[in-house]
Amino acid sequence: MREQILKYFKQDKLPHVFCPGCGNGEVMHAMAQAIDELGWDPTQILIVGGIGCSSRIATYTIFDSLHTLHGRPVAFAVGAKLANPNLKVIIVSGDGDASSIGGNHLIHAARRNMDLTLFIVNNYTYGMTGGQYSPTTPLGSFTTTSPCGHVEEPFSITDLLVGAGAPFVARTGTLYFNELVKLMKLALAKNGFAAIDIFTQCPTNYGRNNRLGKPIDLIKTQASILVPKEKYDLLEPGDRVGKFARGVIQDVEKPTFLDHYRACILSTRKAVHHE
Amino acid sequence: MAIELIEGSLAIAHGAALCRPGVISAYPITPQTHIVEDLAKMVADGQLKTEFVNTESEFGAASVVLGALAGGSRAYTATTSQGLALMLEVLYNCAGMRLPLVMCCANRSLSAPLSIWSDQQDAMLMRDSGFIMGFAEDAQEALDLHIMGYKIAEDERVQLPYMVNVDGFLITHTFEPVNIPDQKLVDEYLGSYKPFQVLDPANPITMGCFTEPAYHMDVRYQMHKANLESTKVIEEVAASFEKKFGRPSGGLIRNYKLDDADTVVVAMGSITGLVEEAVDTLRGKGQKVGLLKIKTLRPFPTDKVREALSGKKHVVVMDRAMSAGYGEILGSEIKAALYGTPNPPAIDSFIYGLGGRDIHEDEIIGMINRPNPGTHRSEWVGLRPDLLEE
């Protein structure tokens with residue numbers, strides 16, 4: 001098993017730079033396992049990262065990789081996919097990278113239904129710069145820029161993406177590794193924009209700032225936050241506060257940007273050339 | 001006044017806080033983060049009464065402070081590198097609207113390749129923006145330039161934003177003894193912010209409005225002229241600051257052992273401390289070497305540079321940034337300043353320290369003592385031949 005996963009990583013770049021107990025390792029492992037189980041050809045995969053701890057995952061894999069600007073991996077990935085629609089394009093981004101500085105690219109890629117797979121490694125903070133609050137930082141929690149407790153409501157990234165029209169949206173956490181692999185396989189195989197909001201632990205910054213204990217304690221908090229979608233749907237609105245559905249949130253079929261674009265080309269040709 | 005051994009970022013945060021900005025907005029980016037975190041802590045501890053907003057991007061942060069200034073509040077932000085690049089559209093607007101923002105840039109290289117380390121490439125994005133650009137040598141000057149920055153920016157003859165440039169990590173993450181002025185002195189010195197125009201529903205105006213070709217050039221000229229003429233205000237402020245706070249700081253240029261020097265090194269930012277050591281070493285060997293520190297890059301202190309370098313035999317300009325496809329930046333500005341002056345010195349220019357590449361005293365001495373003075377243009381110092389071989 002170990003060899004099967006390791007073959008997807010540049011061995012000379014390991015060990016990685018992530019802090020002990022960080023969830024990025026689990027996400028990397030799950031992604032490699034999902035790709036392996038799908039039997040994909042690694043030479044046909046492009047992995048795109050932005051700036052942030054999780055975005056560094058892209059630099060460790062053996063796939064072609066594009067390490068882009070902060071907030072822009074989705075936009076760069078759109079360009080790469082348009083240039084070579086045969087590529088399998090995977091984006092690894094964080095809560096800050098994807099939903100804050102890059103939020104605009106995120107919603108528009110979802111709206112256009114670009115055929116991309118996005119893994120958002122959501123640790124509720126900017127880990128790389130030392131633990132400032134991000135758009136998913138829970139209300140009242142402590143970060144270096146909210147030392148008295150955070151005064152803003154967080155995003156539900158899945159609600160945002162469902163609202164923007166993404167055909168496949170899911171959520172889970174590093175606590176649920178097998179579910180993560182399963183959801184990643186679904187997202188990768190999806191024809192269209194597919195995103196997973198992956199709750200993960202940042203023991204170095206978010207965990208310490210909120211005195212949440214060891215990495216394992218931090219991971220365990222996911223059990224009280226993440227509720228299976230079927231159960232979450234039955235909760236009264238008041239009981240949903242501070243909780244998030246996990247599992248497949250949305251899975252619908254709809255034509256992608258490229259489907260519409262190809263249809264447009266064909267119909268124009270027909271009209272112009274009377275084909 | 002109290003002298004404390006503190007990190008450069010905390011000195012900068014003190015500098016900003018002492019000026020009592022009504023709104024602070026920023027987005028985290030290395031190596032600026034400590035500055036904003038220190039300010040957030042001051043707000044949380046009740047030491048600083050301000051509206052503090054950590055936005056969704058640098059673009060948002062720059063927009064928030066622009067709005068705050070337009071609404072009549074003193075405002076502050078800090079960033080670096082990619083964050084500065086993202087702010088650029090707003091910052092050019094800020095200068096064009098003549099809003100006296102003070103911002104700090106923890107100077108860092110620009111991508112790609114990605115590097116978080118120090119050079120002054122990011123600052124050069126701002127060279128043509130209309131901002132007044134000061135460069136600090138150390139943590140003390142970084143603090144002082146914030147106070148002087150507001151004084152200059154808000155002067156009715158200027159009304160332009162001010163950018164405090166500090167070398168990332170080299171100043172932001174090192175500890176130095178810093179003299180933190182009393183709040184009372186700063187209050188007396190700065191006074192409260194009196195905007196010369198403000199958004200007010202009772203007396204509505206439009207800022208940043210559309211200009212047709214019949215108006216645009218003239219408005220841009222006024223901004224350029226105000227920037228050029230701020231040299232006078234910058235000198236006045238440096239003098240009044242020294243009188244009030246008891247130490248020389250900022251200004252347009254500063255000299256080190258320049259008067260009798262035959263050879264003069266021109267540099268800006270934290271490197272000038274090391275150049276002083278090189279000057280002393282060479283003077284110990286009987287070589288007449290001096291240093292000209294560029295403290296203000298915009299407005300460019302042309303007259304002062306001419307005066308300082310007049311009659312010198314040899315000038316060595318050190319650039320911690322480069323113009324791809326041309327080379328030197330500060331070097332070409334020094335040459336342009338000396339063009340047409342009688343008996344100009346031989347000028348050499350060197351590019352050093354990009355992306356945090358270390359530079360040592362012997363390398364600076366090497367630049368000064370290169371054979372054939374006047375034949376070295378945009379020479380890169382400290383390149384690694386092992387990486388460049390095909």
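So that the names make sense, note that chain A is the first sequence line, chain B the second, and so on, each numbered from 1.
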Test side-chain contact (heavy atoms from CB on, under 4.5 Å) applied to Ile147(B) and Cys19(B), step by step: CA-CA 6 Å; Ile147(B) 300 167; Cys19(B) 300; 3.9 Å; yes
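- Of the atoms belonging to Gln82(B), it is side-chain heavy atoms, and not backbone ones, that fall under 4.5 Å from chain A.
- Exactly one residue among His16(A), Met128(A), Lys13(A) makes a side-chain contact (heavy atoms from CB on, under 4.5 Å) with Arg56(A). That residue is Met128(A).
- For Leu114(B), the part lying near chain A is the side chain, with the backbone staying farther off; criterion is any non-hydrogen pair under 4.5 Å.
- The distance between the ring centers of Tyr27(B) and His70(A) falls below 6.0 angstrom.
- For the residue pair Glu7(B)/Thr172(B), the side-chain donor-acceptor check at 3.5 Å is not satisfied.
- There is no contact between Phe59(B) and chain A, counting heavy-atom distances below 4.5 Å.
- Using a 4.5 Å cut-off between heavy atoms, Tyr126(A) touches chain B through its side chain atoms alone.
- Within the 4.5 angstrom heavy-atom criterion, no atom of Ile116(B) approaches chain A.
- For the side-chain contact (heavy atoms from CB on, under 4.5 Å) with Asp95(A), the lone residue among Ser134(A), Ser100(A), Pro154(A) that qualifies is Ser134(A).
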